[in-house]
Engineer: 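The structure is given below, and queries will be raised subsequently.
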Amino acid sequence: MHGGAAAPAPGEWGRGRGGRARRPEAGDRMTTIFQDSEITAGWEDILGKDKYRLMFADIAASYPEKRSIYVPYEDIDAYNTDLAMYFLDHPDKCLSKGREVVKASLPPAWDHRDTVNLRITDLPRDAKVEVRKIRAKHLGRLVAVEGLVRKATTVRPKMTHALFRCARCGAEIWEAQKGSIMREPLMCSNPDGSCNKQATHFDLDSKASVFVDTQKIEIQESPEGLRGGAQPERIAGFVEDDIAGVITAGNRVTINGIIRSAEKHDRDKSTVFEIFMDVMSVEFEEHEYDEIQITEEDEQKILDMSRDPMLFDNIVASISPTIHGMTEVKSAIALQLFGGCNKEMDDGTAIRGDMHVLLVGDPGVAKSQVLRYMSALAPRGIYASGKSASAAGLTAAAVKDEFGDGRWTLEAGALVLADKGLACIDELDKMTAQDRSSLHEAMESQRISVAKAGITATLQCRCSMLAAANPKFGRFETDGMSITKQIDLPPALMSRFDMIFVLTDKPNPKADRELTAHILNVHRRGQARQMGEDAPLVVGVDVKRIKEETENVRPVYEQDIMRKYVAYSKRIVPIMTDQAMGMIEDKYLGIRAMGAGENDSVPITARQLEAYVRLSEASARMRLSRTIEEEDAARAVDLVEFYLSKLLAPDGGQWDIDNLSSKYTKKDRNELTAILSIVDGYEGGASEEDIVSQAVSEGLSEEKVRRRLKMMKEDGTLFCPPNGNYKRA
Ligand code: ADP
Ligand code: MG
């Protein structure tokens with residue numbers, strides 16, 4: 001919004017600007033000291049340029065809509081490099097001189113000369129500081145901080161100059177207000193008044209006092225700088241006057257301002273201070289994925305990769321390579337990473353291109369592991385748990401807490417922070433009731449509305465979601481009970497997922513042997529890596545051989561180039577060929593027909609048809625192809641078929657459409673009726689042991705009966721007090 005060109009790229013200093021010398025690095029900085037008069041002269045020169053003359057005229061004409069002069073740092077640098085550097089170290093002094101020059105440049109008769117702001121934009125790269133690196137040495141210095149806005153309060157006026165009247169003589173006394181507590185005059189300053197300069201009572205005239213709009217924000221360092229799962233650090237910022245309110249939670253911004261400290265709000269005086277930023281200007285991200293720089297060399301590499309016939313396999317092999325198997329899941333996640341295309345239709349409606357994938361599975365099948373990996377790999381990946389402690393949860397919330405000092409604060413949750421990225425949500429089934437109700441909107445329309453206590457905001461969450469959940473009863477039971485019934489998520493929410501993968505962990509000698517070998521090898525490789533390059537001297541173990549044999553757990557493409565590849569591919573919007581369209585049509589109608597005739601079971605809905613489209617778009621995008629070919633459609637069709645078959649026939653064999661509806665399957669119903677009739681056979685209820693022994697004699701398995709009982713108790717079919725007897729509810 002503010003500021004023009006982006007900050008110069010590294011190496012750009014000194015180039016193309018009259019051949020000036022290379023800009024000195026922070027280390028070899030010389031401290032030239034500038035006198036006040038020199039600073040003033042500098043400002044007069046800079047602000048005397050035509051560009052600023054026009055800006056002054058504009059402000060005088062359109063005040064109060066416009067009331068800030070924006071000076072790109074470059075202009076100061078062009079005037080004098082040393083002064084520009086001095087500015088970064090002594091911003092307060094330089095700004096106050098600058099404001100004097102601003103005031104002098106405005107028409108003398110104009111009333112508002114004191115309220116025009118001077119704001120510096122586009123700070124150089126060496127003024128950029130990571131939130132986690134802000135230290136005492138930055139106090140009082142001008143820096144730029146990049147990050148995500150996690151919290152933003154409502155905009156409220158703050159008094160800057162209070163007008164008091166002496167209760168005895170009525171004299172007017174102005175008192176400048178700095179802190180958060182109102183400062184009253186100590187005595188009346190009227191020499192002629194009846195109060196005779198004594199302490200009296202003062203009345204505040206709040207109408208005539210001067211106010212400025214303020215907003216408090218909290219910036220969290222962007223996930224790109226956080227490889228390795230570190231906790232993101234945060235810094236608070238105060239935004240004043242015309243730029244208060246331009247920022248909202250979820251924005252990606254660079255804030256330029258002066259680092260200051262404030263005593264902690266403790267009862268006892270403390271020597272430990274909080275650090276915050278006095279924000280001077282805000283720059284919004286101008287292009288998507290600004291944070292990912294793709295050089296010409298990278299581009300060449302990306303184009304080479306895209307021509308590799310093994311591209312798809314290579315990409316899948318680069319996703320969580322330490323995890324064995326799960327090829328289909330990894331393929332789906334790979335496509336999710338590239339994503340379908342967002343579309344806007346002629347009537348203004350938008351269709352989302354982002355895909356949502358749900359992994360439900362037994363504990364210990366590496367769901368969390370995959371999620372963590374993807375949050376690190378994906379551009380703008382965020383990892384969060386459904387049972388997160390923050391008030392904003394997964395979506396967003398309006399909260400009133402310490403941060404806002406009595407004001408309401410809008411706080412962004414994981415999905416908002418992952419805007420235009422990938423939100424990896426673990427333990428989705430454990431989410432709060434509030435998230436449960438707001439997640440539908442977030443997933444489908446990719447917006448979150450908050451309307452509470454004066455805050456009405458719509459936050460964008462244009463992200464893909466990769467979620468994981470555990471089965472409701474601990475483990476999946478694949479024979480009989482419908483899968484959907486074992487997932488503790490509302491059906492409406494589940495239907496928002498483009499794909500749902502069921503991961504079961506059943507003993508299988510062949511698969512177990514492979515997995516065991518794989519996991520052990522992963523650990524051995526890890527051990528070998530610790531030893532460094534030349535350590536073949538370990539007794540009885542050939543480190544070199546181990547390294548060679550475990551090459552397959554190394555990603556084919558390194559994370560860095562993968563991220564660039566994904567960011568690059570987003571430029572491509574492919575279009576479907578007739579052949580691809582025909583293929584999807586046939587497949588969809590075929591599966592749809594399977595549900596015909598069965599009572600209220602809808603095997604797949606139009607939502608899955610859209611999933612086909614998104615998947616095939618992603619596949620074409622991955623190849624950097626402008627057309628969606630049959631191979632892309634086939635990839636989509638195969639994946640949908642795979643996940644449906646796991647859902648509909650977890651044991652293999654015939655697809656049972658009942659598995660998708662929230663009703664019981666036929667086999668289910670038979671068993672439930674058998675158990676119910678046992679219960680009915682006992683007057684006054686049956687004990688669990690009685691039911692189990694009778695059911696077992698009728699051919700059911702003990703474990704299953706116990707689980708069925710638990711389930712029927714939960715869904716209200718049966719009633720049972722603790723340690724009591726089961727009865728019909
Ligand atoms: P979940 O979240 O599904 O309960 P985790 O992600 O916590 O499971 O995984 C448990 C552990 O088992 C992890 O350390 C993971 O590395 C290991 N593991 C499970 N399945 C596999 C697999 N297929 N390949 C490699 N490691 C696995
Ligand atoms: Mg887990």
Side-chain angles (χ1 to χ4, degrees), residues 228-229 313 315-334 336 356-378 381-389 393-394 414 422-432 435 465-478 483 486-489 494 497 499-530 546-547 549-556 559 642-643 646-647 650:
D313 298 288
I315 287 181
V316 173
S318 305
I319 286 181
S320 238
T322 61
I323 303 296
H324 176 69
M326 296 171 71
T327 319
E328 289 81 6
V329 173
K330 289 183 185 179
S331 308
I333 294 175
Q336 179 188 36
H356 303 311
V357 176
L358 174 65
L359 313 179
V360 259
D362 294 333
V365 293
K367 300 183 296 296
S368 302
Q369 188 98 340
V370 170
L371 260 59
R372 284 193 185 280
Y373 190 89
M374 290 313 294
S375 69
L377 174 63
I382 294 256
Y383 177 91
S385 173
K387 55 179 178 198
S388 86
L394 298 179
L422 179 70
C424 302
I425 312 293
D426 210 349
E427 322 240 333
L428 183 71
D429 46 329
K430 312 276 189 321
M431 69 186 154
T432 63
D435 280 335
M465 182 159 140
L466 173 60
N470 287 314
K472 195 166 167 182
F473 306 110
R475 271 180 171 277
F476 269 122
E477 198 180 313
T478 47
I483 292 286
Q486 301 179 57
I487 306 173
D488 194 11
L489 291 171
M494 280 210 279
F497 285 97
M499 284 175 284
I500 300 174
F501 288 94
V502 175
L503 307 166
T504 49
D505 180 22
K506 289 188 135 188
N508 169 340
K510 182 170 171 283
D512 283 356
R513 195 166 313 120
E514 281 174 20
L515 176 61
T516 311
H518 182 89
I519 294 183
L520 293 178
N521 272 325
V522 166
H523 284 268
R524 277 224 292 193
R525 184 178 175 83
Q527 292 159 349
R529 277 172 61 90
Q530 295 295 314
I546 291 176
K547 276 195 172 172
E549 279 179 5
T550 53
E551 267 299 296
N552 63 330
V553 297
R554 212 173 71 181
V556 182
Q559 288 206 355
F642 174 83
Y643 95 79
K646 279 287 205 176
L647 267 180

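Start at 1 and go down the list; that is how both ligands and their atoms are numbered.
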Engineer: Got the closest protein heavy atom to atom 14 (O) of ligand 1, with its distance?
Structural biologist: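 Checked against all protein heavy atoms, atom 14 (O) of ligand 1 sits closest to Q369 OE1, 4.1 Å.
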Engineer: Looking at S318 and V556, would you say the former's side chain and the latter's main chain have a donor-acceptor pair under 3.5 Å?
Structural biologist: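 Side chain of S318 to backbone of V556, a donor-acceptor pair under 3.5 Å: yes, one is there.
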Engineer: So, regarding A366 and ligand 1 (criterion: nitrogen or oxygen to nitrogen or oxygen, under 3.5 Å), is there a contact or not?
Structural biologist: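 In this structure, A366 places an N or O atom under 3.5 Å from an N or O of ligand 1.
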Engineer: Considering only non-hydrogen protein atoms, determine which one is nearest to atom 27 (C) of ligand 1 and report residue, atom name and distance to 0.1 Å.
Structural biologist: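 Here the closest protein heavy atom is I519 CD1, 3.6 Å.
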Engineer: Parallel, tilted or perpendicular, judged at 30° and 60°: which one describes the rings of F497 and H356?
Structural biologist: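 Ring orientation of F497 relative to H356: perpendicular.
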Engineer: Does the pair S368 and D426 meet the rule for a side-chain hydrogen bond (donor to acceptor under 3.5 Å, both in side chains), with working shown?
Structural biologist: CA-CA 6 Å; S368 302; D426 210 349; 2.7 Å; yes
Engineer: Note the single closest protein heavy atom to atom 10 (C) of ligand 1, along with its residue, its atom name and the distance in Å.
Structural biologist: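 So the nearest neighbour among protein heavy atoms is G364 CA, 4.0 Å.
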Engineer: Look only at the side chain of Q336 and the backbone of M465, and say whether a donor-acceptor pair between them is shorter than 3.5 Å.
Structural biologist: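 Judged by distance alone, yes, a pair lies under 3.5 Å.
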Engineer: Is H324 close to ligand 1, meaning an N/O of one under 3.5 Å from an N/O of the other?
Structural biologist: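 Min N/O separation from ligand 1 is below 3.5 Å for H324.
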Engineer: Mark up the atoms of ligand 1 that fall under 4.0 Å of a heavy atom belonging to L515, in ascending order.
Structural biologist: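 The atoms of ligand 1 under 4.0 Å from a heavy atom of L515 are 21 (C), 22 (C), 23 (N), 24 (N).
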Engineer: Between D505 and D362 (side chain of the first, backbone of the second, donor and acceptor by atom type, cut-off under 3.5 Å), is there such a pair?
Structural biologist: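 Side chain of D505 to backbone of D362: no pair is present.
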Engineer: Which residue and non-hydrogen atom of the protein lie closest to atom 3 (O) of ligand 1, and at what distance in Å?
Structural biologist: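 For atom 3 (O) of ligand 1, the nearest protein heavy atom comes out as K367 NZ, 2.8 Å.
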Engineer: Test your reading of the structure: does P363 have an N or O sitting under 3.5 Å from an N or O of ligand 1?
Structural biologist: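 P363 vs ligand 1: no N/O contact under 3.5 Å.
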Engineer: Output yes when a side-chain donor or acceptor of K387 lies under 3.5 Å from a complementary backbone atom of E427, and no otherwise.
Structural biologist: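 Between the backbone of E427 and the side chain of K387 there is no qualifying donor-acceptor contact (under 3.5 Å).
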Engineer: Tell me, which protein residue and heavy-atom name are nearest atom 25 (C) of ligand 1, and how many Å apart are they?
Structural biologist: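 Minimum-distance protein heavy atom for atom 25 (C) of ligand 1 reads T322 O, 3.4 Å.
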Engineer: Show the nearest heavy-atom pair for residues V360 and I500, with the distance to one decimal.
Structural biologist: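 The pair with the smallest heavy-atom distance is CG2-CG2, 3.9 Å.
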Engineer: Restricting to under 2.8 Å, identify the protein N, O or S atoms around the Mg ion (ligand 2) as residue plus atom.
Structural biologist: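 Under 2.8 Å from the Mg ion (ligand 2) - ignoring waters, which are not counted - the protein N, O or S atoms are S368 OG.
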Engineer: When you compare ligand 1 with S368, is there at least one nitrogen or oxygen pair between them that comes in under 3.5 angstrom?
Structural biologist: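 Indeed, backbone or side chain, S368 has an N or O that close.
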Engineer: Is it the case that the side chain of K367 and the backbone of L503 share a donor-acceptor pair, with hydrogens and angles ignored and the cut-off at 3.5 Å?
Structural biologist: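 Not confirmed, K367 side chain does not pair with L503 backbone.
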Engineer: Please name the pair of heavy atoms, one in A366 and one in I323, separated by the smallest distance, quoted to 0.1 Å.
Structural biologist: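 Shortest heavy-atom contact: CB-CD1, 3.6 Å.
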Engineer: Does D429 reach the side chain of I487, with side-chain heavy atoms less than 4.5 Å apart?
Structural biologist: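 A side-chain contact is absent here, since even the closest heavy-atom pair is not under 4.5 Å.
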Engineer: So do the side chains of V522 and H518 get within less than 4.5 Å of each other, counting heavy atoms only?
Structural biologist: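 Touching, per the 4.5 Å side-chain cut-off.
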